[in-house]
2 protein chains.
Amino acid sequence: MTASELLIRTLMVRDKLSAEEIEALRALPVRERAFGRGEAIVEAGSEPRESCLLISGFAGREVLLDDGGRQITALHIAGDFVDLHALMLKVMDHGVVALSDCSCAFVQHTALVQLTSTHPHLSRMLWLLTLIDSAVQRQWMTSMGRRSALEQIAHLICELYTRMEIVGLARGGQMSAPLTQTVLADALGLSDVHINRTLKALRQISSLTWKAGVISIASFDALAELCDFDPGYLNLVQRPR
Amino acid sequence: MTASELLIRTLMVRDKLSAEEIEALRALPVRERAFGRGEAIVEAGSEPRESCLLISGFAGREVLLDDGGRQITALHIAGDFVDLHALMLKVMDHGVVALSDCSCAFVQHTALVQLTSTHPHLSRMLWLLTLIDSAVQRQWMTSMGRRSALEQIAHLICELYTRMEIVGLARGGQMSAPLTQTVLADALGLSDVHINRTLKALRQISSLTWKAGVISIASFDALAELCDFDPGYLNLVQRPR
DNA sequence: CGTCAGATTGATATTCATCAAGATCGGTGG
DNA sequence: CCACCGATCTTGATGAATATCAATCTGACG
């Protein structure tokens, strides 16, 4: 699927778009580029002149520390407008990295600013996307601060599954998730060893499988129950915005 | 200071505003209201029709869990447009609570939407404010996941001091911070007992004082050094946005 | 067959939570 | 003015959660 169609679909999950708006999105000029796993898509400290929409693969935002530690603050999947932030922030306070092989579409900031000027509603919709990112961050913080490692992992899996399902990348309790346990550790703020052990425990109590980059969930509801997952924060409802 | 002047100042830290834009902001109709400490400013699950700008006092965003736990995901001070999120998200996935006595200004969503339609640049500036919130969240996540409790507290103090200084509420190493240790614990994802002990350690190694709601920092630089604080993420620079 | 990244496991140390008990302090009613 | 009260801060003792260090195991792949 092309970048604009992906974006249109992502937006239409949250609100109706007029034919004219859809046209405007289709008219956005994009430059496509592939990244290998581990490659930096946007460097921390840089000042990008374009924003990146993820067409396929997994990407993450990361903050790196002096001592070599890193915190992944967000995971992104196909259809996510990964780097709208740079549009307003100008200087990247974090990096975006490919967690699997990725295909990206870049849109010039000038084109996006133009779009926000001529289409206030689309402007709000893009704003909305970043606000949903914020809501996801709130849930991650809640997990890190107040949920057990087990619940934390379960919650992340529920979130990922829900998001993947929306874009047609998950179904029947199965989804591809080519994430290393170390990546998971950096995302959840835990050590990789602890992730390994907790994952083992989770497999045992919830008949869940995570092998060769594929997660299989026996019962999503049971998993959601376990970690008190409520998808409301993902804003998967059409509403005038 | 009035709500609009506060907002104008907050925005002008990040970009220049035209006289006409300043006029438009001044013309925003606001309704003011006071809240006592502990009072809910915006209820989780509600669907506000107006957004809240903090005129004075401290407020927090909080996510509550089944088991009675809570995670505070953001702290807000005078000048912060606390609840722009509701403008797009419609349903609150979290609550906003007064952490001290607060004075708030509410702006109707209809007025804000109107503003975003007629003033694309102001629209982007409001968007920017929420993106800065996001950047702050990233730092908090980094602290929670990868910094020690000591560094985490130090980092929060550095951030708060920097933000307070901008709006003229801190100077000479002193600022008012009427926050309970329990509030701090809920914000950092730690237990209140642990906060107490770590705070004691921090007082000893960095000649810092926190008494009767007033924080005194002997050397900001030393504190910043301790936790690797870099204010870049707060976007305290004027730039065309 | 060797290599390498990732997963797994064991042993041990550290950090942090929990439970319980004072201590401090501002406010309040008598 | 004083006794009391509740909220907050403080401290100690103990246990659970998690990190760290060090091997070993597995599987893909040249």
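Every chain is numbered from 1, with letters handed out A, B, ... down the list of sequences.
Extent of DNA chain C lying under 4.0 Å from chain B heavy atoms, first and last nucleotide in 5' to 3' order, is C/dC16 to C/dC19.
Shown here are the side-chain hydrogen bond (donor to acceptor under 3.5 Å, both in side chains) partners of B/Arg203, two or more places apart in sequence or in another chain: there are none. Every residue meeting the side-chain hydrogen bond (donor to acceptor under 3.5 Å, both in side chains) condition with B/Thr130, not counting sequence neighbours, appears here in chain and number order: A/Trp127.
Heavy-atom distances under 4.0 Å link DNA chain D to B/Asn196, B/Arg197, B/Lys200, B/Arg203 of residues 195-212 of chain B, given in residue order. Within residues 179-194 of chain A, the residues that have a heavy atom under 4.0 Å from DNA chain D are, in order of number, A/Gly189, A/Leu190, A/Ser191, A/Val193, A/His194.
Scanning all heavy atoms of the two residues, the minimum distance from B/Ser103 to B/Glu32 falls at OG-OE1, 4.5 Å. Nearest approach of B/Thr182 to B/Asp192, heavy atoms of both residues: OG1-OD2, 3.8 Å.
Of the charged side-chain nitrogens involved, at least one lies within less than 4.0 Å of a carboxylate oxygen, so that B/Glu39 and B/Arg33 count as a salt-bridged pair. With salt bridges taken as basic N to acidic carboxylate O contacts below 4.0 Å, none links A/Arg9 and A/Glu5. With salt bridges taken as basic N to acidic carboxylate O contacts below 4.0 Å, one links B/Glu50 and B/Arg31.
In this structure, B/Met144 places its CE atom 13 Å from P of D/dT18, rounding to the nearest Å. Rounded to whole angstrom, the span from the CZ atom of A/Arg147 across to the P atom of D/dA17 amounts to 17 Å.
Sorted by first and then second residue, the salt bridge (Lys or Arg N to Asp or Glu O under 4.0 Å) pairs with a member in residues 81-92 of chain A form an empty list; sequence neighbours excluded. Among residue pairs with one or both ends in residues 55-91 of chain B, none qualify as ring pair (Phe, Tyr, Trp, His ring centres under 6.0 Å); sequence neighbours excluded. Residue pairs satisfying the salt bridge (Lys or Arg N to Asp or Glu O under 4.0 Å) criterion with at least one member in residues 141-154 of chain A, sequence neighbours excluded, are listed as follows: A/Arg146-B/Asp186.
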Would you be so kind as to tabulate the donor-acceptor pairs closer than 3.5 Å made by side chains of residues 214-228 of chain A, with sequence neighbours excluded?
from	atom 1	to	atom 2	distance (Å)
A/Ser216	OG	A/Gln174	NE2	2.9
A/Ser219	OG	A/Ala222	N	3.0

Distance-only check: which donor-acceptor pairs under 3.5 Å involve side-chain atoms of residues 91-99 of chain B, not counting sequence neighbours?
from	atom 1	to	atom 2	distance (Å)
B/Asp93	OD1	A/Arg138	NH2	3.2
B/Asp93	OD2	A/Arg138	NE	3.1
B/Asp93	OD2	A/Arg138	NH2	3.4
B/His94	ND1	A/Arg138	NE	3.2
B/His94	NE2	B/Arg61	NH1	2.4

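A donor-acceptor contact shorter than 3.5 Å is absent between the side chain of B/Gln71 and the backbone of B/Leu64. Side-chain atoms of A/Asp80 do not come within 3.5 Å of backbone N or O of A/Ala78 as any donor-acceptor pair.
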Short heteroatom pairs, N/O only, protein and nucleotides 27-30 of chain D, under 3.5 Å:
none

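Checking A/Glu159 against A/Trp140 by side-chain atom types alone, a donor-acceptor pair falls below 3.5 Å.
Nucleic acid contact class of B/Arg146 (heavy atoms, under 4.0 Å, all strands): none.
Inter-axis angle, ends of the helix from C/dC1-D/dG30 to C/dG30-D/dC1, five pairs per end, rounded to 10 degrees: 30°.
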